[in-house]
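Read through the structure below, which is laid out as structure tokens, and then see the notes.
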Amino acid sequence: QAQLVESGGDSVEAGGALRLSCSASEYSVSNYHMAWFRQAPGNEREGVAAIARSGAATYAESVQGRFTVSKDNAKNTLNLELNSLKPEDTAMYYCAADVGGWDWRTWALSTKWYKVWGQGTQVNVSS
């Protein structure tokens, strides 16, 4: 059973930076569409950043220019660089993966098609 394990969450002040990682087992990240989602208490889970098998990336408008998603194929990890953090970025961050077969351009930031999920890592940003 494929597993994803997130790490790197922490408490930081506004304007700070973090690097989240998602380690994959049982499969190669290069063969999967992968994404980061986040969920704050009382809110629905929302897509933050996604990277396709091809390497194409897309971001939620709220994080565009501040967050960077990448895959490290050698380490078999998915990474998310978070810069210029804001209190509204506070949430549990989850990574997700799927082998594909659906329209990535349309669904990349939707929870609809991702079948493998990690347990999450908490990011807290204080003002």
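Residue numbers start at 1 and run along the sequence shown.
Scanning all heavy atoms of the two residues, the minimum distance from V69 to A57 falls at CG1-CB, 3.9 Å. Contact between K71 and V29 at its shortest, heavy atoms only, is NZ-O, 2.9 Å. For A50 against A108, the heavy-atom pair with the smallest separation is CB-O, 3.5 Å. Nearest heavy atom pair, residue D72 against residue K75, reads OD1-N, 3.0 Å. Summarising the geometry of R38 relative to E46, their closest heavy-atom pair is NE-OE2, 2.7 Å, with the distance given to 0.1 Å. Scanning both residues, N83 and A17, for their nearest heavy atoms gives OD1-CB, 3.4 Å.
Here S84 contributes atom OG and R66 contributes atom CZ; the two are 7.0 Å apart, rounded to the nearest 0.5 Å. Annotation: the span from E88 atom CD to S127 atom OG amounts to 10.0 Å, rounded to 0.5 Å. To the nearest 0.5 Å, atoms CZ (F67) and CG (N79) are separated by 14.0 Å.
Grouping Ile, Leu, Val, Met, Phe, Trp and Tyr residues whose side-chain heavy atoms lie under 4.5 Å apart, directly or via other members, places W107 in a hydrophobic cluster with F37, M92, Y94, W102, W104, W113, Y114, W117.
Between N124 and Q122, the closest side-chain pair of non-hydrogen atoms falls below 4.5 Å. Residues L78 and Y32 are not in side-chain contact: their nearest non-hydrogen atoms beyond the backbone lie 4.5 Å or more apart. Residues N76 and S28 have side chains in contact (heavy-atom distance under 4.5 Å, counting atoms from C-beta outward). Looking only at side-chain heavy atoms (C-beta outward), K86 and V125 stay at 4.5 Å or farther from each other. A heavy-atom distance below 4.5 Å is found between the side chains of Y93 and L82.
E13 meets the salt bridge (Lys or Arg N to Asp or Glu O under 4.0 Å) test with no other residue; sequence neighbours excluded.
Side chain of Q119 to main chain of E6: no donor-acceptor pair is present (N/O by atom type, distance under 3.5 Å, no hydrogens or angles).
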| Residues Y59, T68; criterion side chain to side chain contact (heavy atoms under 4.5 Å, CB included); working and verdict | CA-CA 8 Å; Y59 298 89; T68 303; 3.8 Å; yes
| Which is it for T121 and S7 under the side chain to side chain contact (heavy atoms under 4.5 Å, CB included) test, yes or no, and what are the steps along the way? | CA-CA 6 Å; T121 186; S7 62; 5.5 Å; no
